[in-house]
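For ligands, and for the atoms within them, numbers begin at 1 and follow the listed sequence.
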Amino acid sequence: MRRNTEEGRLRRKHVIGNWKMNLPAVGMDHYLKALSEWSISDSVSLTVAPPFPFLSELRADADLHNLECDVAAQNCSDRPFGAFTGEVSAAMVKLTGASRVIVGHSERRTIFGESDAEVAASAVSAALEGLAPIVCIGEPLWIREEGSVYEFLRSQLQASLNDFDADANELVLAYEPIWAIGTGRNATPEIASETIGTVRECLARVYSDAVAARVPILYGGSVSPENAAELAAGDGVDGFLVGGASLDAAAFRVIYEAVAARL
Ligand code: PGA
């Protein structure tokens with residue numbers, strides 16, 4: 001089941017910059033000033049995800065520069081409060097002024113051992129606080145080589161969204177093949193578009209055709225100014241989750257404009 005381009009036009013597009021544990025070399029104020037010179041389209045939502053301590057400052061700075069941008073945390077705890085040293089709850093994220101939260105990024109899953117169940121609980125916690133979750137899924141290389149991408153993604157999607165009410169919350173999915181993240185080896189536009197079609201099919205099975213048609217699915221993994229236009233042209237690609245290239249405002253702008261140009 002491939003969703004057609006007409007249907008794709010109804011979904012809002014997203015470009016999300018994930019700074020990971022980095023800050024832009026020029027400093028946050030210069031960075032946001034540069035972003036405030038972009039022309040932001042109503043149809044392409046812009047989000048920046050800095051490390052936790054910078055969420056409030058980023059929100060305030062973006063407002064100061066009249067930048068229409070959402071602020072996202074890169075993670076939130078699956079627990080509401082208590083003796084969990086180093087954790088940050090969804091309610092605390094909400095207090096910073098952030099409106100979204102990335103959950104289940106592959107670095108959380110592979111380096112910090114987050115399970116699908118924890119990802120699912122974090123997504124639910126975020127939504128309960130009124131934060132829109134950006135849920136990441138993606139296969140390791142051996143799964144692709146083995147030819148079991150569909151089975152892997154379906155089971156990861158189902159387990160990562162367990163108990164999540166997709167009707168009540170503004171959910172965004174990011175398909176990020178692990179072999180493409182931070183490696184400089186992006187998925188080809190064909191693989192990105194085809195696998196996003198697969199994720200949409202999984203979403204329809206887990207929820208319904210209506211939910212599958214409505215939820216934006218982004219591609220992530222070595223998106224750059226050089227490959228953004230080609231990747232954005234892929235059927236069903238509703239935007240990007242950008243890591244490294246989002247730290248450079250000029251590079252990030254080319255990527256944002258590549259998505260806006262597809263409208
Ligand atoms: P990358 O990271 O663009 O640096 O590959 C993407 C991501 O991890 O979201």
**Request:** Return yes when Gly220 approaches ligand 1 closer than 4.0 angstrom through a heavy atom, no otherwise.
**Result:** no
**Message:** Just verifying a value: how many Å separate Lys33 NZ and Met28 CE, rounded to the nearest 0.5 Å?
**Reply:** 15.5 Å
**Request:** Step through it carefully: locate the ring centre of Tyr31, locate the ring centre of Trp19, and say whether they are under 6.0 Å apart.
**Result:** yes
**Request:** Kindly confirm or rule out an N or O of Gly221 lying under 3.5 angstrom from an N or O of ligand 1.
**Result:** no
**Item:** Numbering as shown, the atoms of ligand 1 that approach His105 to under 4.0 Å (heavy-atom distance)
**Value:** 7 (C), 8 (O), 9 (O)
**Inter-residue atom distance Ile181.CD1 - Glu107.CD, 0.5 Å rounding** = 6.0 Å
**Item:** Stepwise salt bridge (charged side-chain N to carboxylate O under 4.0 Å, His left out) check, Glu114 with Arg109
**Value:** CA-CA 4 Å; Glu114 268 181 29; Arg109 293 175 184 268; over 6 Å; no
**Hphob cluster co-occupancy, Leu173 + Ile191, side-chain heavy atoms under 4.5 angstrom** = no
**Prompt:** Under 30°, 30 to 60°, or over 60°: which ring-plane class applies to Tyr256 and Trp38, parallel, tilted or perpendicular?
**Reply:** tilted
**Under 4.0 Å to a heavy atom of Ile181 - the qualifying atoms of ligand 1, by number** = 2 (O), 5 (O), 8 (O)
**Asked** For ligand 1, which atoms sit closer than 4.0 Å to a heavy atom of Leu241?
**Response** 9 (O)
**Prompt:** Which residue owns the protein heavy atom closest to atom 9 (O) of ligand 1, what's the atom, and how far is it?
**Reply:** Glu176 OE2, 2.7 Å
**Message:** Would Val242 count as being in polar contact with ligand 1, using the rule that some N or O on each side must be under 3.5 angstrom apart?
**Reply:** no
**Item:** Test of proximity, Lys20 against ligand 1: N or O pairs below 3.5 Å
**Value:** yes
**Message:** Just to confirm my output: which protein heavy-atom neighbour is closest to atom 3 (O) of ligand 1, and how far is it?
**Reply:** Gly243 N, 2.9 Å
**Prompt:** Atom OG in Ser246, atom CD1 in Ile16: separation rounded to 0.5 Å?
**Reply:** 10.5 Å
**Asked** Which of the atoms of ligand 1 are close to Gly244, meaning less than 4.0 Å from one of its heavy atoms?
**Response** 1 (P), 3 (O), 4 (O)
